[in-house]
There are 2 protein chains.
Amino acid sequence: MKQRRNTKQRQLVLDAVKAHNDHPSADQVYLDVRAIDNKISRGTVYRNLNLLTQSGEICQIKVPDADRFEYRLDFHHHLLCTKCGAVCDAPLSYHTELDQEMAKKTGYSIKRHQTVFEGLCPNCQHSLK
Amino acid sequence: MKQRRNTKQRQLVLDAVKAHNDHPSADQVYLDVRAIDNKISRGTVYRNLNLLTQSGEICQIKVPDADRFEYRLDFHHHLLCTKCGAVCDAPLSYHTELDQEMAKKTGYSIKRHQTVFEGLCPNCQHSLK
DNA sequence: ATGGGTGCAAAGTGTTTGCAAGTAT
DNA sequence: ATACTTGCAAACACTTTGCACCCAT
(Lines give C-alpha, C1' and ligand atoms only; values in the text may rest on other atoms or scores of the structure.)
Protein backbone atom coordinates (compact mmCIF):
# COMPACT_ATOMS: atom_id res chain seq x y z
CA MET A 1 0.00 0.00 0.00
CA LYS A 2 1.00 3.49 -0.85
CA GLN A 3 2.36 5.70 1.84
CA ARG A 4 2.68 9.44 1.87
CA ARG A 5 6.01 11.22 2.08
CA ASN A 6 6.60 14.65 3.43
CA THR A 7 8.09 16.76 0.74
CA LYS A 8 9.01 20.39 0.84
CA GLN A 9 6.73 21.01 -2.13
CA ARG A 10 3.70 19.42 -0.50
CA GLN A 11 4.21 21.47 2.63
CA LEU A 12 4.53 24.65 0.61
CA VAL A 13 1.27 23.95 -1.18
CA LEU A 14 -0.57 23.28 2.05
CA ASP A 15 0.89 26.41 3.64
CA ALA A 16 -0.14 28.51 0.69
CA VAL A 17 -3.74 27.33 0.92
CA LYS A 18 -3.75 27.93 4.68
CA ALA A 19 -2.41 31.45 4.21
CA HIS A 20 -5.33 32.43 2.00
CA ASN A 21 -8.83 33.29 3.08
CA ASP A 22 -10.05 34.08 -0.42
CA HIS A 23 -10.35 30.59 -1.87
CA PRO A 24 -7.41 30.59 -4.27
CA SER A 25 -7.39 28.76 -7.56
CA ALA A 26 -4.71 26.20 -8.33
CA ASP A 27 -2.89 28.80 -10.35
CA GLN A 28 -2.90 31.32 -7.52
CA VAL A 29 -1.46 28.66 -5.25
CA TYR A 30 1.14 27.91 -7.88
CA LEU A 31 2.15 31.56 -8.10
CA ASP A 32 2.37 31.91 -4.33
CA VAL A 33 4.47 28.81 -3.93
CA ARG A 34 6.55 29.77 -6.90
CA ALA A 35 7.50 32.98 -5.14
CA ILE A 36 9.23 30.88 -2.49
CA ASP A 37 10.48 27.99 -4.57
CA ASN A 38 11.11 29.03 -8.14
CA LYS A 39 11.63 25.47 -9.28
CA ILE A 40 8.26 24.00 -8.37
CA SER A 41 6.11 23.05 -11.32
CA ARG A 42 2.40 23.39 -12.00
CA GLY A 43 2.07 19.63 -12.26
CA THR A 44 3.35 19.23 -8.73
CA VAL A 45 1.00 21.87 -7.39
CA TYR A 46 -1.98 20.22 -9.06
CA ARG A 47 -0.92 16.79 -7.88
CA ASN A 48 -0.56 17.98 -4.32
CA LEU A 49 -3.81 19.90 -4.29
CA ASN A 50 -5.58 16.76 -5.43
CA LEU A 51 -3.78 14.65 -2.88
CA LEU A 52 -4.57 17.02 -0.04
CA THR A 53 -8.18 17.20 -1.15
CA GLN A 54 -8.52 13.43 -1.21
CA SER A 55 -7.01 13.07 2.22
CA GLY A 56 -9.37 15.74 3.50
CA GLU A 57 -6.72 18.23 4.56
CA ILE A 58 -8.15 20.92 2.33
CA CYS A 59 -11.40 21.22 0.44
CA GLN A 60 -12.13 21.94 -3.17
CA ILE A 61 -14.89 24.17 -4.45
CA LYS A 62 -16.16 23.62 -7.96
CA VAL A 63 -16.94 26.90 -9.63
CA PRO A 64 -16.79 28.03 -13.24
CA ASP A 65 -13.41 28.78 -14.82
CA ALA A 66 -11.22 27.13 -12.20
CA ASP A 67 -11.62 25.11 -9.05
CA ARG A 68 -10.86 26.86 -5.80
CA PHE A 69 -9.27 25.52 -2.64
CA GLU A 70 -9.75 26.27 0.99
CA TYR A 71 -8.28 25.22 4.30
CA ARG A 72 -11.50 24.57 6.11
CA LEU A 73 -12.66 21.15 7.05
CA ASP A 74 -16.33 21.43 7.93
CA PHE A 75 -19.04 21.36 5.29
CA HIS A 76 -20.26 24.82 4.43
CA HIS A 77 -21.61 26.94 1.60
CA HIS A 78 -20.34 29.65 -0.71
CA LEU A 79 -21.11 32.94 -2.34
CA LEU A 80 -19.90 33.51 -5.87
CA CYS A 81 -19.68 36.87 -7.59
CA THR A 82 -20.62 36.17 -11.19
CA LYS A 83 -18.80 39.28 -12.34
CA CYS A 84 -15.37 39.25 -10.71
CA GLY A 85 -15.35 35.60 -9.72
CA ALA A 86 -14.74 36.24 -6.02
CA VAL A 87 -15.70 33.38 -3.73
CA CYS A 88 -16.44 33.67 -0.04
CA ASP A 89 -17.95 31.55 2.68
CA ALA A 90 -21.70 31.89 3.12
CA PRO A 91 -23.10 32.61 6.58
CA LEU A 92 -25.54 29.72 6.42
CA SER A 93 -25.44 26.71 8.65
CA TYR A 94 -25.15 23.21 7.25
CA HIS A 95 -28.26 21.13 7.67
CA THR A 96 -27.34 17.48 7.90
CA GLU A 97 -30.99 16.52 8.02
CA LEU A 98 -31.36 17.66 4.41
CA ASP A 99 -28.92 14.94 3.39
CA GLN A 100 -30.91 12.32 5.24
CA GLU A 101 -34.19 13.56 3.84
CA MET A 102 -32.83 13.53 0.32
CA ALA A 103 -31.41 10.04 0.77
CA LYS A 104 -34.75 8.74 1.97
CA LYS A 105 -36.65 10.38 -0.87
CA THR A 106 -34.37 9.39 -3.71
CA GLY A 107 -32.51 6.24 -2.76
CA TYR A 108 -29.17 7.96 -3.29
CA SER A 109 -26.64 7.65 -0.51
CA ILE A 110 -25.76 11.27 0.14
CA LYS A 111 -22.28 12.24 1.23
CA ARG A 112 -22.95 15.95 1.45
CA HIS A 113 -24.49 18.88 -0.31
CA GLN A 114 -23.19 22.26 -1.25
CA THR A 115 -25.05 25.44 -1.97
CA VAL A 116 -23.64 28.20 -4.11
CA PHE A 117 -25.27 31.62 -4.06
CA GLU A 118 -24.76 33.56 -7.24
CA GLY A 119 -24.84 37.30 -7.39
CA LEU A 120 -22.78 40.44 -7.39
CA CYS A 121 -20.40 41.36 -4.62
CA PRO A 122 -20.66 44.90 -3.21
CA ASN A 123 -17.73 46.13 -5.32
CA CYS A 124 -19.15 44.87 -8.57
CA GLN A 125 -22.59 46.33 -7.82
CA HIS A 126 -21.02 49.76 -7.58
CA SER A 127 -18.93 49.41 -10.69
CA LEU A 128 -22.07 48.81 -12.73
CA LYS A 129 -23.29 52.32 -12.25
CA MET B 1 -29.62 46.00 -31.27
CA LYS B 2 -29.16 42.36 -32.02
CA GLN B 3 -32.13 40.26 -32.88
CA ARG B 4 -32.54 36.54 -32.83
CA ARG B 5 -33.13 34.46 -35.93
CA ASN B 6 -34.81 31.10 -36.08
CA THR B 7 -32.42 28.66 -37.58
CA LYS B 8 -32.87 24.99 -38.10
CA GLN B 9 -29.78 24.34 -36.00
CA ARG B 10 -31.03 26.36 -33.03
CA GLN B 11 -34.35 24.54 -33.11
CA LEU B 12 -32.61 21.17 -33.23
CA VAL B 13 -30.51 22.04 -30.22
CA LEU B 14 -33.52 23.17 -28.23
CA ASP B 15 -35.49 20.08 -29.24
CA ALA B 16 -32.62 17.82 -28.21
CA VAL B 17 -32.47 19.38 -24.75
CA LYS B 18 -36.25 19.12 -24.41
CA ALA B 19 -36.19 15.48 -25.39
CA HIS B 20 -33.84 14.61 -22.54
CA ASN B 21 -34.74 14.20 -18.93
CA ASP B 22 -31.25 13.23 -17.86
CA HIS B 23 -29.46 16.58 -18.03
CA PRO B 24 -27.32 16.04 -21.12
CA SER B 25 -23.88 17.55 -21.56
CA ALA B 26 -23.10 19.76 -24.54
CA ASP B 27 -21.44 16.83 -26.20
CA GLN B 28 -24.47 14.60 -25.74
CA VAL B 29 -26.64 17.27 -27.29
CA TYR B 30 -24.16 17.53 -30.13
CA LEU B 31 -24.32 13.79 -30.77
CA ASP B 32 -28.11 13.76 -30.69
CA VAL B 33 -28.42 16.66 -33.06
CA ARG B 34 -25.70 15.26 -35.23
CA ALA B 35 -27.79 12.11 -35.71
CA ILE B 36 -30.39 14.27 -37.44
CA ASP B 37 -28.22 16.84 -39.14
CA ASN B 38 -24.81 15.44 -39.91
CA LYS B 39 -23.44 18.82 -40.88
CA ILE B 40 -23.96 20.69 -37.64
CA SER B 41 -20.75 21.58 -35.83
CA ARG B 42 -19.79 21.53 -32.16
CA GLY B 43 -19.24 25.28 -32.25
CA THR B 44 -22.83 25.84 -33.32
CA VAL B 45 -24.15 23.57 -30.60
CA TYR B 46 -22.12 25.35 -27.93
CA ARG B 47 -23.11 28.76 -29.25
CA ASN B 48 -26.78 27.84 -29.24
CA LEU B 49 -26.68 26.25 -25.81
CA ASN B 50 -25.13 29.44 -24.47
CA LEU B 51 -27.63 31.59 -26.29
CA LEU B 52 -30.60 29.58 -25.06
CA THR B 53 -29.21 29.66 -21.54
CA GLN B 54 -28.81 33.43 -21.60
CA SER B 55 -32.30 33.96 -22.89
CA GLY B 56 -33.61 31.67 -20.18
CA GLU B 57 -35.09 29.04 -22.48
CA ILE B 58 -32.98 26.31 -20.94
CA CYS B 59 -30.86 26.18 -17.83
CA GLN B 60 -27.28 25.21 -17.28
CA ILE B 61 -25.97 23.15 -14.39
CA LYS B 62 -22.35 23.48 -13.44
CA VAL B 63 -20.94 20.14 -12.43
CA PRO B 64 -17.45 18.66 -12.70
CA ASP B 65 -16.21 17.46 -16.08
CA ALA B 66 -18.83 19.12 -18.24
CA ASP B 67 -21.75 21.47 -17.84
CA ARG B 68 -25.19 19.98 -18.17
CA PHE B 69 -28.33 21.44 -19.69
CA GLU B 70 -31.97 21.08 -18.90
CA TYR B 71 -35.30 22.26 -20.26
CA ARG B 72 -36.79 23.46 -17.02
CA LEU B 73 -37.31 27.06 -16.21
CA ASP B 74 -37.86 27.35 -12.48
CA PHE B 75 -34.98 27.44 -10.01
CA HIS B 76 -34.38 24.05 -8.46
CA HIS B 77 -31.67 21.80 -7.09
CA HIS B 78 -29.77 18.72 -8.20
CA LEU B 79 -28.41 15.37 -7.18
CA LEU B 80 -25.07 14.28 -8.58
CA CYS B 81 -23.74 10.75 -8.52
CA THR B 82 -20.01 11.14 -7.94
CA LYS B 83 -19.34 7.75 -9.46
CA CYS B 84 -21.23 7.61 -12.74
CA GLY B 85 -21.84 11.33 -13.12
CA ALA B 86 -25.62 11.05 -13.38
CA VAL B 87 -27.52 14.22 -12.58
CA CYS B 88 -31.15 14.40 -11.55
CA ASP B 89 -33.52 16.95 -10.11
CA ALA B 90 -33.67 17.09 -6.34
CA PRO B 91 -37.05 16.95 -4.62
CA LEU B 92 -36.38 20.04 -2.56
CA SER B 93 -38.28 23.26 -2.84
CA TYR B 94 -36.56 26.51 -3.65
CA HIS B 95 -36.47 28.95 -0.77
CA THR B 96 -36.40 32.49 -2.09
CA GLU B 97 -36.11 33.82 1.42
CA LEU B 98 -32.61 32.33 1.65
CA ASP B 99 -31.52 34.63 -1.14
CA GLN B 100 -32.91 37.65 0.66
CA GLU B 101 -31.39 36.60 3.94
CA MET B 102 -28.00 36.08 2.34
CA ALA B 103 -28.19 39.44 0.59
CA LYS B 104 -28.96 41.20 3.82
CA LYS B 105 -26.17 39.47 5.70
CA THR B 106 -23.44 39.88 3.12
CA GLY B 107 -24.19 42.91 0.99
CA TYR B 108 -24.14 40.80 -2.14
CA SER B 109 -27.07 41.17 -4.51
CA ILE B 110 -28.17 37.56 -4.93
CA LYS B 111 -29.65 36.36 -8.17
CA ARG B 112 -30.20 32.79 -7.07
CA HIS B 113 -28.65 29.84 -5.33
CA GLN B 114 -28.20 26.27 -6.32
CA THR B 115 -27.67 23.24 -4.15
CA VAL B 116 -25.97 20.12 -5.37
CA PHE B 117 -26.23 16.94 -3.34
CA GLU B 118 -23.31 14.61 -3.86
CA GLY B 119 -23.54 10.90 -3.35
CA LEU B 120 -24.05 7.59 -5.04
CA CYS B 121 -27.08 6.73 -7.10
CA PRO B 122 -28.83 3.42 -6.35
CA ASN B 123 -27.11 1.65 -9.23
CA CYS B 124 -23.63 2.70 -8.20
CA GLN B 125 -24.25 1.71 -4.58
CA HIS B 126 -24.97 -1.84 -5.73
CA SER B 127 -22.04 -2.06 -8.07
CA LEU B 128 -19.69 -1.37 -5.17
CA LYS B 129 -20.45 -4.67 -3.52
C1' DA C 1 17.77 0.59 -1.94
C1' DT C 2 13.14 1.41 -2.83
C1' DG C 3 9.42 3.43 -4.68
C1' DG C 4 6.92 7.74 -3.95
C1' DG C 5 7.65 12.52 -5.70
C1' DT C 6 9.34 16.07 -8.84
C1' DG C 7 10.17 18.95 -13.10
C1' DC C 8 9.33 19.26 -17.64
C1' DA C 9 6.83 19.19 -21.57
C1' DA C 10 3.37 17.06 -24.13
C1' DA C 11 -1.20 15.59 -24.26
C1' DG C 12 -6.11 15.89 -22.79
C1' DT C 13 -10.74 17.96 -22.08
C1' DG C 14 -14.27 20.93 -22.57
C1' DT C 15 -15.26 25.24 -24.61
C1' DT C 16 -14.62 29.49 -27.31
C1' DT C 17 -13.49 32.15 -31.38
C1' DG C 18 -11.83 34.22 -36.10
C1' DC C 19 -13.13 33.97 -40.56
C1' DA C 20 -15.33 33.38 -44.94
C1' DA C 21 -19.51 31.60 -46.71
C1' DG C 22 -24.47 30.91 -45.99
C1' DT C 23 -29.18 32.29 -44.90
C1' DA C 24 -33.26 34.31 -42.19
C1' DT C 25 -35.35 38.55 -42.15
C1' DA D 1 -29.53 43.91 -48.78
C1' DT D 2 -28.31 43.42 -44.16
C1' DA D 3 -26.34 41.35 -40.46
C1' DC D 4 -27.10 37.24 -37.76
C1' DT D 5 -25.44 32.23 -38.11
C1' DT D 6 -22.95 28.53 -39.54
C1' DG D 7 -18.99 25.16 -40.38
C1' DC D 8 -14.43 24.60 -39.87
C1' DA D 9 -10.31 24.63 -37.63
C1' DA D 10 -7.35 26.83 -34.72
C1' DA D 11 -6.94 28.67 -30.27
C1' DC D 12 -7.94 28.61 -25.28
C1' DA D 13 -7.91 27.67 -20.33
C1' DC D 14 -7.48 24.45 -16.99
C1' DT D 15 -5.79 20.06 -15.67
C1' DT D 16 -3.58 15.56 -16.15
C1' DT D 17 0.15 12.53 -17.41
C1' DG D 18 4.49 9.94 -19.26
C1' DC D 19 9.03 9.79 -18.29
C1' DA D 20 13.57 10.07 -16.43
C1' DC D 21 15.73 11.76 -12.51
C1' DC D 22 15.56 12.77 -7.48
C1' DC D 23 15.13 12.13 -2.61
C1' DA D 24 12.42 10.81 1.85
C1' DT D 25 12.10 6.74 4.17
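All chains are named by letter (A, B, ...) in the order of the sequence lines, taking the proteins before the strands, and each is independently numbered beginning at 1. Note that the structure is predicted; figures quoted are calculated from it, not measured. Excluded from the calculations below are hydrogen atoms, water molecules and symmetry mates; all remaining heavy atoms, backbone and side chain alike, are included.
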Separation of [X] atom [atom1] from [N] atom [atom2], in whole Å?
{"X": "B:Gln11", "N": "C:dA24", "atom1": "CD", "atom2": "P", "value": "13 Å"}
{"X": "A:Asn50", "N": "C:dT6", "atom1": "CG", "atom2": "P", "value": "12 Å"}
{"X": "A:Asp37", "N": "D:dC22", "atom1": "CG", "atom2": "C1'", "value": "14 Å"}
{"X": "B:Lys62", "N": "C:dT15", "atom1": "NZ", "atom2": "C1'", "value": "10 Å"}
{"X": "B:Ile61", "N": "C:dG14", "atom1": "CD1", "atom2": "P", "value": "17 Å"}
{"X": "A:Leu51", "N": "D:dA24", "atom1": "CG", "atom2": "C1'", "value": "15 Å"}
{"X": "B:Lys39", "N": "D:dT6", "atom1": "NZ", "atom2": "C1'", "value": "12 Å"}

Shortest side-chain distance from [X], nucleotide among [options]:
{"X": "B:Ser41", "options": "C:dG7, C:dT6, D:dG7", "result": "D:dG7"}
{"X": "B:Arg4", "options": "C:dG5, D:dT5, C:dG7", "result": "D:dT5"}
{"X": "A:Thr44", "options": "D:dT6, D:dT25, C:dT6", "result": "C:dT6"}
{"X": "B:Asn6", "options": "D:dT5, C:dT25, C:dG7", "result": "C:dT25"}

Legend entry - Salt bridge B:Arg34-B:Asp32, side-chain N to carboxylate O under 4.0 Å: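 No, no charged N to carboxylate O under 4.0 Å.
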Legend entry - A:Asp27 and A:Arg42 ion-paired at < 4.0 Å: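 A:Arg42 and A:Asp27: salt-bridged.
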Inset, instruction - Quick one: closest heavy-atom pair of A:Gln125 and A:Leu120, and the distance? - result: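 For A:Gln125 and A:Leu120, the tightest heavy-atom pair comes out as NE2-O, 3.0 Å.
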Legend entry - Residue pair A:Ala16 / A:Val33: nearest heavy atoms and the distance that separates them: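 Closest pair (atom of A:Ala16, atom of A:Val33, distance): CB-CG2, 3.7 Å.
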Inset, instruction - Would you confirm whether the ring centroid of B:His113 sits within less than 6.0 angstrom of the ring centroid of B:His77? - result: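 They qualify: ring centres under 6.0 Å apart.
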Inset, instruction - Using a cut-off of strictly less than 4.0 Å, decide whether A:Gln9 has a side-chain nitrogen or oxygen near OP1 or OP2 of D:dC23. - result: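 For A:Gln9, the contact criterion (side-chain N or O under 4.0 Å from OP1 or OP2 of D:dC23) is not met.
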Inset, instruction - Would you list the pairs meeting salt bridge (Lys or Arg N to Asp or Glu O under 4.0 Å) in which at least one residue belongs to residues 112-125 of chain B, sequence neighbours left out? - result: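 Every pair satisfying salt bridge (Lys or Arg N to Asp or Glu O under 4.0 Å) with a residue in residues 112-125 of chain B: A:Arg112-B:Glu118, A:Glu118-B:Arg112.
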Inset, instruction - Examine the base of D:dG7 for any acceptor or donor lying under 3.5 Å from a partner atom in the side chain of B:Arg47, and report the outcome as yes or no. - result: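 In this structure, the two groups form a donor-acceptor pair.
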Legend entry - Any donor-acceptor N/O pair under 3.5 Å between C:dG3 base and A:Arg5 side chain: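 Answer is yes: a donor-acceptor pair is held.
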Inset, instruction - Identify, with sequence neighbours excluded, every residue that meets side chain to side chain contact (heavy atoms under 4.5 Å, CB included) alongside A:Tyr71. - result: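 Listed in chain order: A:Leu14, A:Val17, A:Lys18, A:Ile58.
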Legend entry - Candidate pair A:Arg10 and A:Arg4, rule side chain to side chain contact (heavy atoms under 4.5 Å, CB included), full reasoning: CA-CA 10 Å; A:Arg10 180 129 62 226; A:Arg4 173 91 57 95; 3.2 Å; yes
Give each protein N/O atom lying under 3.5 Å from an N/O atom of nucleotides 12-14 of chain D, with the pair distance.
none

Inset, instruction - Tell me whether A:Ile61 is reachable from A:Leu49 by hopping between hydrophobic residues (I, L, V, M, F, W, Y) whose side-chain heavy atoms are closer than 4.5 Å. - result: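 They do not share one cluster, since no chain of ILVMFWY contacts under 4.5 Å joins A:Leu49 to A:Ile61.
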Inset, instruction - Any ring pair (Phe, Tyr, Trp, His ring centres under 6.0 Å) involving residues 11-51 of chain B? Give me the pairs, sequence neighbours left out, ordered by first then second residue. - result: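 Every ring pair (Phe, Tyr, Trp, His ring centres under 6.0 Å) pair that includes a residue of residues 11-51 of chain B, provided the two are not neighbours, is B:His23-B:His78.
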Inset, instruction - Find the bend of the helix from C:dA1-D:dT25 to C:dT25-D:dA1 as the angle between its two terminal axes (five pairs each), to the nearest 10°. - result: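 Inter-axis angle at the termini of the helix from C:dA1-D:dT25 to C:dT25-D:dA1: 40°.
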Below 3.5 Å between N/O atoms, which protein atoms pair up with nucleotides 9-11 of chain D? Just atom names and distances, please.
none

Legend entry - Derivation and outcome, side chain to side chain contact (heavy atoms under 4.5 Å, CB included), residues B:Tyr108 and A:Cys88: CA-CA 11 Å; B:Tyr108 271 59; A:Cys88 69; 3.6 Å; yes
Legend entry - CA sep, side-chain torsions, deciding dist, call: B:Val13, B:Val29, side chain to side chain contact (heavy atoms under 4.5 Å, CB included): CA-CA 7 Å; B:Val13 168; B:Val29 172; 4.2 Å; yes
